[in-house]
Amino acid sequence: MKLLIINGPNLNMLGIREPAIYGNNNYSHLCSMIEQACEGIDFEIYQSNHEGAIVDKIQSALGNVDGIVINPAAYTHTSVAILDALKAVAIPTVEVHISDINTREEFRKFSYVSLYAQKTIAGHGFDGYVEAIEYLRATL
Ligand code: DQA
């Protein structure tokens, strides 16, 4: 089994970026938590600030990856292209948000990716990634 964990724009700034919302731990800390949760299975962690690069990465998963965990960050609320890429490859996907997008600004309440994702986990901090990986391990 292989999982692909994708992080969108500004998640490389964790630890610096709005700590009251995203916490004090940095992106490397998040990657270590993901590595631990993926123990015993094949996985790749990918981060990009560019929408097209994320679309390319999702397309390249076709035939190579069994499950996707994605935090599309700001592209959650804007990207039909990322939604279409996920629908095109049709790989089981869990959407993760560190913060609770439903209790923040109005524009964060809508997620394009939710229209495809099998499950959405929001507001559980970095643990949301671990829960998403556990869900895919249990269901794939
Ligand atoms: C986020 C929530 C998004 O609204 C925001 O644009 C992000 C991070 C989260 O993990 O809580 O960049 O996806």
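What you see is a predicted model, and the numbers here were worked out from it, not measured in a lab. Ligands are counted one by one from 1 in listed order, and the atoms in each one are counted from 1 as well. The figures here come from the full heavy-atom set of this structure, side chains too, leaving out hydrogens, waters and symmetry mates.
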(request) Tell me, please, whether Tyr135 has Lys119 positioned over its six-membered ring: NZ or CZ under 6.0 Å from the ring centre and within 45 degrees of its axis? (result) yes

Distance-only polar pair, side chains of [X] and [Y], donor-acceptor under 3.5 Å:
| X | Y | value |
| --- | --- | --- |
| Asn49 | Gln47 | yes |
| Asn7 | Tyr129 | yes |
| Glu95 | Ser111 | yes |

(request) List the steps and the verdict of side chain to side chain contact (heavy atoms under 4.5 Å, CB included) for Ile21 and Arg104. (result) CA-CA 10 Å; Ile21 296 173; Arg104 296 180 62 192; 3.5 Å; yes

Under 3.5 Å: N/O of [X] near N/O of ligand 1:
| X | answer |
| --- | --- |
| Ile98 | yes |
| Ala74 | yes |
| Thr76 | no |

(request) Find the distance between CG (Leu3) and CD1 (Ile41) and round it off to the nearest 0.5 Å. (result) 4.0 Å

(request) List every atom of ligand 1 that sits less than 4.0 Å from any heavy atom of His77, numbering the atoms from 1 in the order shown and giving each element. (result) 3 (C), 4 (O)

(request) Do me a favour and list the nearest non-hydrogen protein atom to atom 11 (O) of ligand 1 with residue, atom name and distance? (result) Ser99 OG, 2.6 Å

(message) Quick test: of every protein heavy atom, which one is nearest to atom 8 (C) of ligand 1, and how far off is it to 0.1 Å?
(response) Tyr22 OH, 3.5 Å

(message) Below 4.0 Å, non-hydrogen atoms only: which portion of Asn71 touches ligand 1? Side chain, backbone, both or neither.
(response) side chain

(request) Using a 4.0 Å heavy-atom threshold (strictly under), name the region of Ile101 that reaches ligand 1: side chain, backbone, both or neither. (result) side chain

(message) My understanding is that we take every heavy atom of each candidate and find the minimum distance to atom 12 (O) of ligand 1. Doing that for Arg17, His97, Arg108, which one comes out nearest?
(response) Arg17

(message) Using every non-hydrogen atom in the two residues, find where Gly8 and Ile54 come nearest and quote the distance to one decimal.
(response) CA-CD1, 3.9 Å

